[in-house]
Protein chains: 2
Amino acid sequence: MTEQPAPTTTAGDPATARGEQTRQLIRDTAMRLFRERGYAQTTMRAIAQEAGVAVGNAYYYFGSKDHLIQEFYAQSQVEHRAAAQPVLDREAAFGPRFAGVLHAGIDVLTPSHGFAATFFKTAAEPTSPLSPFSAESSGPRQAAIDLFGEVLTGSTATVDAELRPQLPELLWLAYMGVILYWVHDRSPGQTKTRQLIDGAVPLVDRLVALSRLRVLRPVTRQVLDLIRTLRH
Amino acid sequence: MTEQPAPTTTAGDPATARGEQTRQLIRDTAMRLFRERGYAQTTMRAIAQEAGVAVGNAYYYFGSKDHLIQEFYAQSQVEHRAAAQPVLDREAAFGPRFAGVLHAGIDVLTPSHGFAATFFKTAAEPTSPLSPFSAESSGPRQAAIDLFGEVLTGSTATVDAELRPQLPELLWLAYMGVILYWVHDRSPGQTKTRQLIDGAVPLVDRLVALSRLRVLRPVTRQVLDLIRTLRH
DNA sequence: GTCGGTAGTTGAACACGTTCAAGAAGGGGC
DNA sequence: GCCCCTTCTTGAACGTGTTCAACTACCGAC
């Protein structure tokens, strides 16, 4: 239903399409206003006016106000990947790698905590294309999962063979949990989220290591079976 | 800001206030329309018209359309408590008690899966008074936590002394997780949520039992310290 | 019975997200 | 130059949630 030009999210090509400039103008204006006033307080009329275009023009490029959020996601994901690179280069052990990537994610989001929190509700709606589990956001999601795959591939940790293929997605899921906590985190500077990361990662680390133990094999199996059943 | 008469959520008193009838009429009409058409498709004008009152009148009793959701929560909580009673009477072991109460919760919500899912997003917004973590919903929340307290008090399970006081809230948190999964569950009849409950409860059961083990004492401590740190 | 005040009720009006028919701009084919 | 088609742009109009000044119904006090 909602017509849209080919998604040119990935930078690089020199704005061939005629409207690409307008698209970026509207997107940047929206991001700025979201940061300045918050999501709810930013009206589509205000975005259009500040960008110097008509309201309908914004809807030509973005199907809805919510779709502007998706733009924010994609942007954040790219920044997250970049911020994680130094960690992946530096650390070799699983724990520090995982913690570093989680911290990098929060680092990227921190400046937007005020307004990001208010619109993460849209992501929580299952029917919304903005849900991190939806088909529409499978691109950014897969990129994020791949990032946690890199946390593993580059690490010195030895992981249970059966658990291994599931683990990147599980780590991503843990990251989603961290974000959920972060969104609700009212502590100054969201320090508690940092404590959550630093406290939980060693536990995950130990758990992953334990999964290889002979005695715990049945439990590991049980957990993996459950996960496989529950995946869509 | 939003003026409201004293909340008479608890039934029993014979509608002393003049407007109590109107209040219930509007609430029941809203619940019916939500079920029939879904939350987004039900307009405040439609609710008012079906109830035979003016639009503004609905706002006299309920601060916003979202506040009607809170009414749904409260109602569901009461039904959940009632549906859990047979389980609490029947079962003695922790596992079956916990599983039974979780299933009872899903039983109560199942008829509303279609529309309940769409508005759980409102609950996910941290700033919203509808968030299950908010001060405004501390009443229903505490009632729910108490229900999981009863799961423990009546059970034959012996729990680590340090873990014990935290456990009801943790079980409630697990219930929130189940609901989060249920909301996204697209399987027919939400059978996967049932599998989640049946698969996860034995694991929780085992985990709780293990927490008392000498060898695992340091880990239990670590987890409990983390939880205590993260609580608000 | 009348007065005064509270509780309850009304519907027009507002700002918002969104739609859409109409038009403008651009660019290739001849 | 002219035509045609796609791409882009416009702003009025619609339906929504919400507000609010005005009005009515009730009830106790005298």
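All values below come from the heavy atoms of this structure, side chains included, with hydrogens, waters and symmetry mates left out. Proteins get letters first, then strands, A, B, ... in listed order; numbering begins at 1 in each.
Annotation: the span from B/Arg23 atom CZ to B/Tyr60 atom OH amounts to 10.5 Å, rounded to 0.5 Å. Within the model, atoms CG of A/Leu25 and CD of A/Glu50 stand 10.5 Å from one another, a figure rounded to the nearest 0.5 Å.
The separation between A/Gln41 atom CD and C/dG17 atom P is 10 Å, rounded to whole Å. At whole-Å resolution of the value, CD in A/Gln21 and C1' in C/dG26 are 14 Å apart. D/dT18 atom P lies 14 Å from atom CD1 of B/Ile26, rounded to whole Å. Look at CZ on B/Phe62: it is 12 Å from P on C/dT9, rounded to the nearest Å.
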Go through A/Phe115 and A/Phe72 one step at a time and tell me if the ring-ring contact (aromatic ring centres under 6.0 Å, His included) criterion holds. CA-CA 11 Å; A/Phe115 87 97; A/Phe72 176 83; 5.3 Å; yes

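A/His67 and A/Ser64 form a side-chain donor-acceptor contact under 3.5 Å, judged by distance and modelled atom types alone.
The side chain of A/Lys65 approaches C/dG17 more closely than any other nucleotide in the set C/dG17, C/dT9, D/dT10. Each of D/dT10, C/dG8, C/dG17 was ranked by its minimum atom distance to the side chain of A/Ala54; first place goes to D/dT10. Considering only side-chain atoms of B/Ser64, the nucleotide from D/dT10, D/dT18, C/dT18 that sits closest is D/dT18. With distances taken from any side-chain atom of A/Tyr60 to the nucleotides D/dT9, C/dA7, D/dT18, the minimum falls on D/dT9.
Cation-pi check for A/Lys65 over A/Tyr59 is not met; the charged atom does not lie both under 6.0 angstrom from the ring centroid and within 45 degrees of its normal.
Salt bridge annotation for B/Arg97-B/Glu150: absent, with no cationic side-chain nitrogen under 4.0 angstrom from a carboxylate oxygen.
Between B/Thr22 and the phosphate of C/dT9, there is a side-chain N or O to OP1/OP2 separation shorter than 4.0 Å. OP1 or OP2 of D/dT18 has at least one side-chain nitrogen or oxygen of B/Tyr59 nearer than 4.0 Å. Distances shown here put every side-chain N or O of B/Asn57 at or beyond 4.0 Å from the OP1 or OP2 atom of C/dG8.
For the contact set between residues 43-53 of chain A and DNA chain D, defined by any heavy atom under 4.0 Å, the members are A/Arg45, A/Val53.
Test B/Gln77, B/Gln85, B/Glu79 against B/Arg81 for side-chain hydrogen bond (donor to acceptor under 3.5 Å, both in side chains) and you get one pass: B/Gln85.
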